[in-house]
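As structure tokens, the structure follows; a few thoughts come after it.
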Number of protein chains: 2
Amino acid sequence: MEYQEAKEKFISTWGSLGSMWGINKAMAQIQSLLFISTKPLSMEEIMDELKISRGNTSMNLRQLMDWGIVTKELVPGERKEFFTTEKDVQELARHIAKERSRREIKPVIKVLKEVSSIQDDGTAKTKELIKQTKALHDLADAADSLLNKIATQEQNWITKSLLKLFK
Amino acid sequence: MEYQEAKEKFISTWGSLGSMWGINKAMAQIQSLLFISTKPLSMEEIMDELKISRGNTSMNLRQLMDWGIVTKELVPGERKEFFTTEKDVQELARHIAKERSRREIKPVIKVLKEVSSIQDDGTAKTKELIKQTKALHDLADAADSLLNKIATQEQNWITKSLLKLFK
DNA sequence: CTAAACTTTCAATAATTTATGAAAGTTTAT
DNA sequence: ATAAACTTTCATAAATTATTGAAAGTTTAG
């Protein structure tokens, strides 16, 4: 396998991994392209490389910027904009963990709290609803704390976590 | 908020959380319905409750069984089949972690290994591809180990993990 | 100010995913 | 063996999500 093939394999695999986790293909592919690029890329270059439209590129770049993992780079003397992604995998993981927590997990925890706090009317089904949603709430809450600790931890958390956790 | 409202809120929230993480709505909703049910439910009951078709119910129940989180229950004297989900959240989380690792993370790690193992031809772009995919490989590998440790750990891992990790 | 260079928006369309329902398949009781 | 009870399959439909491309918007150079 040589460069071009490896690159394509990486980008397409990353793209389909994204889909499995609710991230659209174009977004994942743009990010992965930037991730292995040796220099910032313009919109034009991204479009060409991935064979996607201008609009699609623009919208997905915006989303990546909203997620905080892609930034605009202003190249002196150039009029157009260039883009780079966070190159450090740890930092990348941290951003994603933080955002997923904020956007997706926290709101669900809130609902679980509401639902598990309803008045116990004494019936078995109400008791079960309360019991189960409370258990889920506690799990989600613990998982979210873990995620956030990780997200705000200094470098190399994974290595350190593994050490602490399984020593 | 009383029982019916709380129940619906829980089921619909759980359904949309599923979508964010690549799990279809019906599947998530069936699981959540079973999760708060005080008894095993028949296909008929699930269809009625969630207003989904027989085919859809059947296919999603099969998927849930493939994931190992729903099982058929044979009620003596009854001809039809009944279904229950794992009621213990820890066990549930463990199943899901294990399956996601096996189905999604492991294959990606394999690709990352292949891609990061290409011949270094000395060019900057090849070096970058190797470096970045290797970093990603190491991260994915570490995260996967963590997930699997969690998945095979005894009860209450979260509490224990948190203690160890942040004491 | 104005025109060129570039980016964003968004209505229309395409692609993908999910759901339906009836036919085919299976199991069980008699 | 057969018919009723029940489940699965799968072609088709519906719904959702992603993509396009051209028009509108913005910025910068001169």
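Note that the coordinates shown come from a computational prediction; the quantities given were computed from them, not determined experimentally.
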Q) Sequence neighbours excluded, which residues qualify as ring pair (Phe, Tyr, Trp, His ring centres under 6.0 Å) partners of Phe35(A)? A) none
Q.
If you assign Asn60(B) and Met65(A) each to the DNA chain C nucleotide with the nearest heavy atom, which residue ends up on the more 5' nucleotide?
A. Met65(A)
Distances for protein N or O near nucleotides 27-30 of chain C N or O, under 3.5 Å:
from	atom 1	to	atom 2	distance (Å)
dT28(C)	O2	Arg79(B)	NH2	3.2

Q: Evaluate the criterion salt bridge (Lys or Arg N to Asp or Glu O under 4.0 Å) for residue pair Lys9(B) and Glu5(B); output intermediate values, then yes/no.
A: CA-CA 6 Å; Lys9(B) 189 162 187 174; Glu5(B) 193 194 341; 5.8 Å; no
Q) Is Glu44(B) touching bases, backbone alone, or none of the nucleic acid, heavy atoms closer than 4.0 Å? A) nothing
Q.
Checking side-chain polar atoms at under 3.5 Å, does Asp120(B) have a donor or acceptor matched by the opposite partner on Thr126(B)?
A. no
Q: Please collect all salt bridge (Lys or Arg N to Asp or Glu O under 4.0 Å) contacts where either partner lies in residues 24-40 of chain B, sequence neighbours excluded, each pair once.
A: Lys39(B)-Glu45(B)
Q | Nucleotide range of DNA chain D lying under 4.0 Å from chain A heavy atoms | A | dA18(D) to dA29(D)
(Q) Between Met27(A) and Met43(B), which residue's closest nucleotide on DNA chain D lies nearer the 5′ terminus? (A) Met43(B)
(Q) Tell me whether Arg103(A) forms a cation-pi arrangement with Trp67(A), defined as NZ or CZ under 6.0 Å from the six-membered ring centre and within 45 degrees of its axis. (A) yes
Give me the distances for all protein-to-nucleotides 10-18 of chain C N/O pairs that come in under 3.5 Å?
none

Q: Taking Gln119(A) for its side chain and Asp121(A) for its backbone only, find out whether a donor-acceptor pair lies under 3.5 Å.
A: no
Q: May I ask you to check whether Thr38(B) and Glu128(A) show a side-chain donor-acceptor distance below 3.5 Å?
A: no
(Q) Given 3.5 Å as the limit, does a donor-acceptor pair link the side chain of Asn148(B) with the main chain of Asp144(B), or not? (A) yes
Q: Could you state whether Ile105(A) and Trp21(A) fall into the same hydrophobic cluster, counting links through intermediate Ile, Leu, Val, Met, Phe, Trp or Tyr residues with side-chain heavy atoms under 4.5 angstrom apart?
A: no
Q. Excluding sequence neighbours, so at least two apart, what forms side chain to side chain contact (heavy atoms under 4.5 Å, CB included) with Ile23(A)?
A. Met27(A), Ala28(A), Arg100(A)
Q: Would you indicate what Arg62(A) reaches in the nucleic acid, counting non-hydrogen atoms under 4.0 angstrom: base, sugar-phosphate, or nothing?
A: sugar-phosphate
